[in-house]
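All remarks here apply to the structure that follows.
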Amino acid sequence: MESPCILVCSIDDKTGYCFGCGRTRDEIGAWTLYSGEERRTIMASLPARLETVERKPRRETRRTRMARGGDN
């Protein structure tokens, strides 16, 4: 199943969008329940959403920890 997740998983308090993928909490939670068409529709809107979020998440992400070797 296609997913926009990049393992950031931190929500911008201002917009309600994930810093990494741009989805809302509800969209993330229901992702596997959506049809392929619904997922594609949401994914098409994500680049514009990501333009509205702050550029840095409030905490270190799992991907950052993995990159520096701290998630063993």
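Everything quoted here is computed from the prediction, not taken from an experiment. All residue numbers in this chain count up from 1 along the given sequence.
- Under a 4.5 Å side-chain heavy-atom cut-off, the cluster of Ile, Leu, Val, Met, Phe, Trp and Tyr residues that includes L33 has no other member.
- Residues passing the salt bridge (charged side-chain N to carboxylate O under 4.0 Å, His left out) test with R49 are E27, sequence neighbours excluded.
- Among residues two or more places apart in sequence or in another chain, the side chain to side chain donor-acceptor pair (under 3.5 Å) test is passed with T15 by D12.
- Closest approach of P4 and C21 over heavy atoms only: O-CB, 3.5 Å.
- When every heavy atom of I6 is checked against every heavy atom of G20, the shortest pair comes out as CD1-O, 3.5 Å.
- In this structure, the side chain to side chain donor-acceptor pair (under 3.5 Å) partners of S35, at least two apart in sequence or on a different chain, are E38.
- The two residues C18 and I28 have their closest heavy-atom pair at CB-CD1, 4.1 Å.
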Could you walk me through whether T24 and Y17 pass the side chain to side chain contact (heavy atoms under 4.5 Å, CB included) check? CA-CA 5 Å; T24 64; Y17 299 140; 3.9 Å; yes
Run the numbers on I42 and W31 for side chain to side chain contact (heavy atoms under 4.5 Å, CB included), then give the verdict. CA-CA 10 Å; I42 292 168; W31 194 250; 3.8 Å; yes
Can S3 and R39 be said to form a side chain to side chain contact (heavy atoms under 4.5 Å, CB included), step by step? CA-CA 8 Å; S3 172; R39 286 191 297 272; over 6 Å; no
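- The two residues V8 and F19 make their nearest non-hydrogen contact at CG1-CB, 3.9 Å.
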